[in-house]
S.K.: 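Structure below; questions to follow.
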Amino acid sequence: MSSSKGSLRGYIITRLILVIPMVFILLTLVFLLMRVAPGNPILAALGGHLSPAQLAVRERIGGYDKSLIVQYGEYLKQVVTGHLGTTLTDHRPLTQVIAQNGAATLELTVAAMFVALIVGVPLGMLAGRRRDSWLDTGARVFGIVIYAAPVFFLGLLAQLLFGHILNWLPTSSESGVLVQANLTPHTNILIIDAMIDGQWGDIPDLLAHLVLPAATLGLVISGVILRLVRVNVIQTMKGDYIEAARARGLKERSVVVRHAFRNALVPIVTVTGLQAALLLSGAVLTEETFNWPGIGSELIFYLEARDYIAVQGIITVFALAVVAISLLIDLINAWIDPRVRY
Amino acid sequence: MATTLLPDEFESGVASRTGSGEGRLRGLHRAFAPLIAVRGLPRWLFWTGATITLFFVVLAVFAPEIAPYGFNQYIAHGIRFPQQASPSGAHWLGTTVVSEDVYSRVIFGARTSIEVVVLALMFSVVIGVPLGLVSGYFGGWLDRLLVLINDSIFAFPYLLLAIVIAFLLSTSVGGGVLTAAIAITVVYIPQYFRVVRNTVLSVREEPYVEAGRALGAKPRTVIRRYVFANVVHSVPVVASLNAADAILTLAGLSFLGIGMDPSVAAEWGYDISRGVSDAQAGFWWTGLFPGLAVILLVTGLTLVGEGINDTFNPLLRRPNHRRFAMPKDVREVTTVAVETEHAVVRVRDLRVWYATDRGPVRAVDGVSFEIQERETLGLVGESGSGKSTLGRGIMGLLPVGAIRDGSVDFEGRDLVKATPQEMRRLRGPSIGLVFQEPMTRLDPLMRISDHFAEALHTHEPDISDAEIRRRSLEALGGVRIPPTRFRNYPYEFSGGMRQRIMIALALVLKPRFVIADEPTTALDVLVEAQILSIIADLKNNFDTALLLITHNLGIVAESCDRVAVMYAGRIVEQGAVVDIFSRPEHPYTQELMRSTISLSTRKLHYIPGAPPDLVAPPSGCRFHPRCPYAMEVCRAKEPVGVEVRPSHLAECWLHGPENEIPPDGRRPLEREEIGIADEA
């Protein structure tokens with residue numbers, strides 16, 4: 001027992017070391033991407049608003065008159081030290097953008113993932129178990145069609161139905177105006193902030209605002225989860241240890257849940273992790289649709305303002321989030337499957 | 001919503017067929033022939049998807065002819081269209097806030113989408129495929145670098161990537177189809193790269209490529225054919241799924257107002273974004289129809305990909321088994337068995353037939369035998385003679401579509417008629433099964449201790465943890481696994497140890513009857529001897545009856561009391577081991593004995609011909625096409641079990657009964673018939 005725990009620790013250390021090259025490559029890509037644009041960020045954002053002399057001063061302060069290599073070095077240094085600078089257009093510290101809007105995005109994506117798993121996993125298991133039944137065909141068609149729906153179009157339909165026709169739920173923003181004004185930010189995740197201060201009366205309002213965006217994004221992702229669970233349950237049900245478990249007279253329920261599903265979980269978790277890209281991309285669109293004050297809406301806002309420093313900072317955060325998610329996924333897998341730790 | 005739906009079902013199952021070498025076109029034709037031939041759901045998926053996709057392609061190509069107006073036309077014959085008019089005869093799908101015809105915009109939107117997707121796919125294939133080939137073929141640091149970059153791009157939220165690229169391009173070059181296509185291309189290159197690289201890599205390690213190399217064949221030729229054959233199946237799957245994603249990505253970009261300039265072309269995503277504000281004012285039609293168009297086209301493309309994948313992915317392919325009913329009176333003669341006094345299990349006329357797409361396979365076709373307490377019956381026969389199916393048939397562990405008939409009497413109840421629930425309760429505590437391949441029979445994620453706890457808990461719900469531990473360690477001790485290994489995982493054991501654990505796991509429930517299906521085939525000779533002695537010990541300690549399935553006559557001689565010889569679904573001879581080994585009476589048994597190798601073997605003996613096809617077995621005696629003594633009667637009539645000596649049965653006309661053989665029946669069969677059988 002102690003030996004397997006020891007190797008889990010060893011695995012975590014090895015895995016953490018592997019993060020470094022991935023972060024490095026992603027940061028390099030972000031930097032290259034942001035610098036292929038002609039001109040420099042100052043010119044793009046403020047050109048026409050300031051005199052050439054003022055622009056030159058700003059360029060020198062920002063270091064944009066130096067060579068690309070030097071700028072690249074400074075960018076890496078910024079990321080490592082956590083000082084990402086301030087936005088060009090409205091002088092917000094990027095760390096603040098990330099803390100405030102990032103928290104909203106985190107809340108949305110976690111809730112959406114929750115919805116996706118609640119819907120996708122049981123449906124996928126059922127479909128996989130009753131392969132080729134009407135239930136399976138129905139679940140597959142649901143998975144394909146829901147995935148084919150643009151998340152913003154689903155959002156539009158949801159807003160129409162629940163917001164305007166039934167008038168049950170708010171269709172915009174993260175909270176009511178009064179609630180927002182009442183809360184003191186601790187984590188910037190409003191629901192948690194309300195809990196910390198014991199403002200329980202605000203929670204229904206916060207949840208009501210969360211329902212439509214999270215359900216919309218979650219449903220789209222549930223299509224992918226469903227397909228993933230289905231195909232992996234089908235494959236593991238063919239496993240030799242499944243037949244062996246049946247030969248020991250285990251109940252079909254434990255054969256499916258304890259053996260088939262648990263073994264299917266490893267590939268499911270892995271691929272769900274790869275879908276982090278899907279989740280984050282979907283979040284940008286969902287935030288735009290529901291005026292959710294997340295980091296995705298901020299990205300679009302700063303893009304339109306041509307504030308490339310803000311854009312670079314936000315994309316950097318997304319890149320780091322991807323690395324963090326893939327790390328998390330590998331650790332979960334190591335926890336489920338003892339063989340991974342080798 | 002733009003996503004890279006991982007071709008999940010696809011990746012694990014790249015079809016491993018080599019394509020035709022002559023002519024790419026013929027190769028292509030052959031490669032896709034299964035799409036035409038396939039039946040059932042895959043066929044339905046593919047053709048529905050193909051129809052929808054084709055519909056949109058037609059819309060795209062003939063948009064100016066089909067659409068009544070231009071995409072941004074708001075005036076015709078000098079009359080301005082109404083603003084935000086609901087669907088009517090004049091404007092089927094209504095008009096927008098700037099008086100454009102929604103119907104025309106949806107049609108022109110199809111044109112924009114298809115243009116962007118075709119360009120994006122062309123770019124990504126042209127760039128991704130060669131990169132993958134180079135990376136996979138040359139390997140080394142170049143491969144590692146490309147893979148690293150590729151994985152990073154793949155992991156990155158592609159919509160963000162597309163947004164930034166599209167934005168930068170549209171500020172420098174201007175928005176339009178080309179800008180959108182380039183932005184989307186970057187996202188998809190990694191996928192082609194991956195598929196092609198992995199195919200090349202896997203083919204380099206294929207055994208037959210190695211073999212070809214050893215034989216002096218040019219590996220490049222083999223690789224080229226193999227890569228072609230695989231890529232030709234996988235690229236269409238990836239491409240159709242990518243095309244679906246590309247539509248969504250494009251719609252997402254336009255929804256955000258990036259990449260496509262709305263004055264250049266109509267775009268569904270852009271229309272939906274305007275539809276959001278319209279909808280809140282009650283004008284539902286401006287956003288609804290473009291949205292439905294996206295869903296329909298993306299669904300169509302996804303179905304095409306799924307259909308191709310379902311057809312070619314060997315892991316997902318499922319043959320269309322024809323249902324069948326077992327005829328109730330196939331044999332006039334019932335089979336006989338050597339009768340025993342304290343039989344634990346009595347099998348009578350057991351038949352197990354499988355469904356296949358060619359018809360039912362008569363894997364076990366009327367067998368009878370009995371096994372007593374503390375007795376071991378060896379069941380021998382060639383591969384495919386039905387030995388394993390017989391074991392599974394007794395346990396009721398059969399695949400969907402298999403049918404059983406006859407009776408298996410066990411402790412006064414007929415297992416063939418038992419309900420699945422009753423069978424489940426018997427499996428384990430009453431009947432144990434030990435499998436052939438120990439490596440894969442334990443759940444890799446569960447500790448050995450959990451396997452034992454689970455089995456004991458299922459059948460003895462009230463058992464205490466201490467009792468579980470005591471009994472498990474006792475059973476493991478019986479197979480010489482030390483208690484220190486109790487909490488280890490399966491991967492920490494060797495094959496021989498795993499087989500011992502499997503045996504302990506079967507015996508901890510103290511079954512009265514154990515079926516061991518080639519328990520030592522996968523193991524080396526020393527371990528084999530060890531396992532056999534363990535099985536023999538346990539049988540004597542627990543009064544267990546044992547059915548030992550094997551193709552190894554040495555094992556039978558060493559550890560069985562009686563033996564039953566199986567051929568083509570029938571037990572052709574059964575009796576005491578000593579008796580049958582010294583005087584085999586059935587020609588098949590005789591041939592089998594001659595085929596064994598010993599130290600005095602000078603020349604290998606083999607039985608001419610091949611085991612028969614069990615969908616359409618030979619008439620009469622199933623061995624007659626290969627039998628050196630075949631007579632006329634052997635082809636005409638099924639043989640009857642005859643007690644050649646006490647407790648020694650053989651199903652062979654050589655031993656009569658005389659009164660059933662027709663007058664000319666003993667005339668030898670013509671030799672050429674045997675020759676033909678040999679050919680087959």
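Throughout, protein chains are lettered first and strands after them, A, B, ... in sequence-line order, and every chain is numbered starting at 1. It should be emphasised that the depicted structure is a prediction, and the values quoted were computed from it without experimental measurement.
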S.K.: Indicate the atoms forming the closest heavy-atom contact of B:Thr458 with A:Gly249, along with that distance.
M.R.: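 Smallest interatomic distance, heavy atoms only, reads CG2-O, 3.6 Å.
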
S.K.: Do B:Tyr489 and A:Asp337 have side-chain atoms, one donor and one acceptor, less than 3.5 Å apart?
M.R.: no

S.K.: Working to the nearest 0.5 Å, report the span between CZ of A:Phe24 and CG of B:Leu148.
M.R.: 10.5 Å

S.K.: How close do B:Leu256 and A:Glu304 get, counting heavy atoms only, and between which atoms?
M.R.: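 Between these two residues, the closest heavy atoms are O-OE2, 3.8 Å.
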
S.K.: Strictly distance-based, threshold 3.5 Å: is any side-chain N or O of B:His459 a donor or acceptor partner for the main-chain N or O of A:Arg248?
M.R.: yes

S.K.: Donor-acceptor pairs are to be reported for all side-chain atoms of residues 317-325 of chain A against protein atoms at under 3.5 Å, with residues two or more places apart or in another chain.
M.R.:
none

S.K.: Whether B:Glu454 and A:Lys251 form a salt bridge (side-chain N of Lys/Arg under 4.0 Å from carboxylate O of Asp/Glu) is what I want to check.
M.R.: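 A salt bridge is absent here (no side-chain N lies under 4.0 Å from a carboxylate O).
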
S.K.: Please state whether the side chain, the backbone, both or neither of A:Leu250 comes within less than 4.5 Å of a heavy atom of chain B.
M.R.: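 The answer is both parts of A:Leu250.
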
S.K.: Most heavy-atom pairs under 4.5 angstrom with chain A, which of B:Ile272, B:Leu442, B:Val434?
M.R.: B:Ile272

S.K.: Among A:Ile144, A:Thr28, A:Val145, A:Leu280, which residue forms the greatest number of heavy-atom pairs with chain B at distances under 4.5 Å?
M.R.: A:Ile144

S.K.: Show the nearest heavy-atom pair for residues A:Thr289 and B:Phe255, with the distance to one decimal.
M.R.: OG1-CZ, 3.6 Å

S.K.: Distance from A:Asn263 atom CG to B:Asp443 atom CG, nearest 0.5 Å?
M.R.: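 That separation rounds to 4.5 Å.
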
S.K.: A:Pro150 pairs by side-chain contact (heavy atoms from CB on, under 4.5 Å) with which of B:Val298, B:Ile247, B:Thr249, B:Leu248?
M.R.: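 With A:Pro150 as partner, B:Val298, B:Ile247, B:Thr249, B:Leu248 yield a single side-chain contact (heavy atoms from CB on, under 4.5 Å), made by B:Leu248.
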
S.K.: Going from CG on B:Leu253 to CG on A:Leu285, what distance comes out if it is rounded to the nearest 0.5 angstrom?
M.R.: 8.5 Å

S.K.: Less than 4.0 angstrom from a charged side-chain N to a carboxylate O is my criterion; do B:Arg424 and A:Glu252 meet it?
M.R.: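 Salt bridge absent between B:Arg424 and A:Glu252.
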
S.K.: Checking heavy atoms, do the side chain of A:Leu29, its backbone, both or neither come under 4.5 Å from chain B?
M.R.: side chain

S.K.: Where is the tightest heavy-atom contact between B:Phe167 and A:Leu303, given as atom of each residue plus distance?
M.R.: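 Heavy atoms only, the tightest pair is CZ-O, 2.9 Å.
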
S.K.: Which heavy atom in A:Ala247 sits nearest to a heavy atom in B:Phe435, and how many Å separate them?
M.R.: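 Looking at all heavy atoms of both residues, the closest pair is CB-CZ, 3.8 Å.
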
S.K.: Rounded to the nearest 0.5 Å, how far does CD1 of A:Ile295 lie from CG of B:Leu160?
M.R.: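 Going from CG on B:Leu160 over to CD1 on A:Ile295, the span is 10.0 Å.
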
S.K.: Shortest non-hydrogen contact from A:Tyr308 to B:Leu168?
M.R.: OH-CD2, 3.7 Å

S.K.: Would the distance check show the side chain of B:Arg441 and the main-chain N or O of A:Asp240 forming a donor-acceptor pair, the cut-off being under 3.5 Å?
M.R.: yes

S.K.: Measuring from atom CG of B:Leu433 to atom CZ of A:Arg246, what distance do you get when rounded to the nearest 0.5 angstrom?
M.R.: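 It is 13.0 Å, given to the nearest 0.5 Å.
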
S.K.: Who wins among B:Ile258, B:Leu292, B:Ile515 for the most heavy-atom pairs under 4.5 Å with chain A?
M.R.: B:Leu292

S.K.: Give, for atom NE2 of B:His451 and atom OH of A:Tyr241, the distance between the pair rounded to the nearest 0.5 Å.
M.R.: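 Rounded to the nearest 0.5 Å, the NE2-OH separation comes to 10.0 Å.
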
S.K.: If I measure from the heavy atoms of chain B, does A:Leu299 come under 4.5 Å with its side chain, its backbone, both, or neither?
M.R.: side chain

S.K.: Counting heavy-atom pairs closer than 4.5 Å to chain A, which one of B:Gly287, B:Gly428, B:Gly291 comes out on top?
M.R.: B:Gly291

S.K.: Would you find a donor on one side and an acceptor on the other, under 3.5 Å apart, between the side chain of A:Arg262 and the backbone of B:Leu445?
M.R.: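 Between the backbone of B:Leu445 and the side chain of A:Arg262 there is a qualifying donor-acceptor contact (under 3.5 Å).
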
